[in-house]
Undergrad: 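Once you've had a glance at the structure underneath, I'll fire off some questions.
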Amino acid sequence: MPKDSKLNSKSDPQAGSDRSRPILHQHAHEIQPYGKIAKLSIALDESVCAESAENLNQVLADTISLRDLYKKHHWQEAGHTFYQLHLLFDKHYEEQNELVDTIAERIQSLGAISLAMAADVAETTIIPRPPRGREEVPVQISRLLEAHEMVLKEARTMAKQAADSGDDGTNDLLVSDVIRTNELQVWFISEHLVDVPLVRADAPASEKEAPKSKSAGAR
Ligand SMILES: [Fe+2]
């Protein structure tokens, strides 16, 4: 060992610690550009993987938007049904969040790249942007129902396309996860827009008059 380095390691407390320091501010080329397929051994043609991934990225962007719409309404909810809808909106948010991960990981399994960041989602989604401000419950639910219907419509078309291409995994995900989850959520929130009375039944007009008591009739 050179005389100088032996001297340095003893006198300099920093010496010998370089390898344990984080290497910051690193940059390099992407290893896979967006839209390109890194073919995996899943017995599907690259063209099928590319078509399914493109469709799934559309459903992914729309599912992220729908998920976030639920969280917006969870926070901004107001009125008599606050507690009930606050909880329901968050439950649906969590279920949509699980769908997001399932869809994204299917895209990666096809050798493609899933969308991830908010700006890319905003550029891709077909779900209309809601205002930043608070809205009444019927408007919140109407927005959610319209978004659900957009997702369901595209998911059904894409599921058929995947089945026709032999991509059973994507077809199964779209039918078993996306379509079934969205249909069930539609039912749960739709029932909040049915205008039924809370306390007094909406009886026919002929039954609305109070029945005469027997004692009153006998007099
Ligand atoms: Fe919360």
Side-chain angles (χ1 to χ4, degrees), residues 34 52-110 112-159 169-200:
Y34 180 79
S52 290
E54 190 181 349
N55 283 343
L56 287 171
N57 264 318
Q58 184 61 55
V59 179
L60 177 62
D62 297 330
T63 302
I64 290 172
S65 298
L66 178 54
R67 176 199 68 183
D68 294 348
L69 203 52
Y70 267 112
K71 196 57 122 176
K72 169 179 164 63
H73 294 343
H74 164 77
W75 292 326
Q76 299 179 356
E77 153 80 29
H80 292 85
T81 52
F82 175 82
Y83 188 58
Q84 170 189 348
L85 283 180
H86 183 68
L87 299 182
L88 182 63
F89 287 163
D90 216 25
K91 178 176 181 286
H92 285 193
Y93 168 88
E94 293 295 343
E95 290 167 359
Q96 290 290 335
N97 197 36
E98 273 188 39
L99 278 183
V100 165
D101 195 48
T102 305
I103 299 166
E105 291 185 357
R106 175 69 195 166
I107 294 167
Q108 297 293 143
S109 303
L110 290 166
I113 297 175
S114 53
L115 289 176
M117 301 308 293
D120 298 317
V121 170
E123 282 178 4
T124 308
T125 186
I126 57 167
I127 292 175
R129 180 180 177 172
R132 288 190 182 184
R134 294 173 86 185
E135 295 181 296
E136 294 175 358
V137 167
V139 180
Q140 289 183 319
I141 295 179
S142 297
R143 273 189 198 288
L144 290 167
L145 288 172
E146 283 160 19
H148 275 297
E149 195 155 38
M150 286 177 179
V151 170
L152 281 164
K153 196 173 176 188
E154 69 188 2
R156 284 208 188 90
T157 305
M158 292 168 184
T170 296
N171 170 270
D172 179 49
L173 183 152
L174 288 166
V175 174
S176 305
D177 298 312
V178 176
I179 293 176
R180 287 187 189 279
T181 302
N182 277 274
E183 284 176 341
L184 193 66
Q185 291 189 350
V186 164
W187 175 42
F188 266 75
I189 60 170
S190 292
E191 294 302 330
H192 292 83
L193 292 186
V194 179
D195 194 9
V196 290
L198 270 178
V199 176
R200 190 183 294 273

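One-based numbering, in listed order, for ligands and for the atoms of each. Just so it is clear, the values below take in all heavy atoms, side chains as well, and ignore hydrogens, waters and symmetry mates. The first residue of the sequence shown is numbered 1, and numbering continues consecutively from there.
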Undergrad: Restricting to distances shorter than 2.8 Å, give the number of protein N, O or S atoms close to the Fe ion (ligand 1).
TA: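 Number of qualifying protein atoms: 1.
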Undergrad: Does atom CD (E183) have a neighbourhood of more than 12 heavy atoms from anything else shown, all under 6.0 Å?
TA: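 Above 12, so yes.
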Undergrad: Is K153 paired with E149 through a side-chain N to carboxylate O contact shorter than 4.0 Å?
TA: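 No.
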Undergrad: For side chain to side chain donor-acceptor pair (under 3.5 Å), just list the numbers for Q84 and H192, CA-CA rounded to whole Å, side-chain angles, deciding distance to a tenth of an Å, and then say yes or no.
TA: CA-CA 11 Å; Q84 170 189 348; H192 292 83; 2.9 Å; yes
Undergrad: Would a distance-only check, ignoring hydrogens and angles, find a side-chain to backbone donor-acceptor pair under 3.5 Å from E77 to V137?
TA: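 No; judged by distance alone, with no hydrogens or angles, the pair does not exist.
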Undergrad: Suppose we call two aromatic rings close when their centres sit under 6.0 Å apart. Are H74 and F82 close by that rule?
TA: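 No, ring centres 6.0 Å or more apart.
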Undergrad: Mind checking salt bridge (charged side-chain N to carboxylate O under 4.0 Å, His left out) for E94 and listing every partner two or more places apart, or none if nothing turns up?
TA: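 Result, salt bridge (charged side-chain N to carboxylate O under 4.0 Å, His left out) vs E94: none returned.
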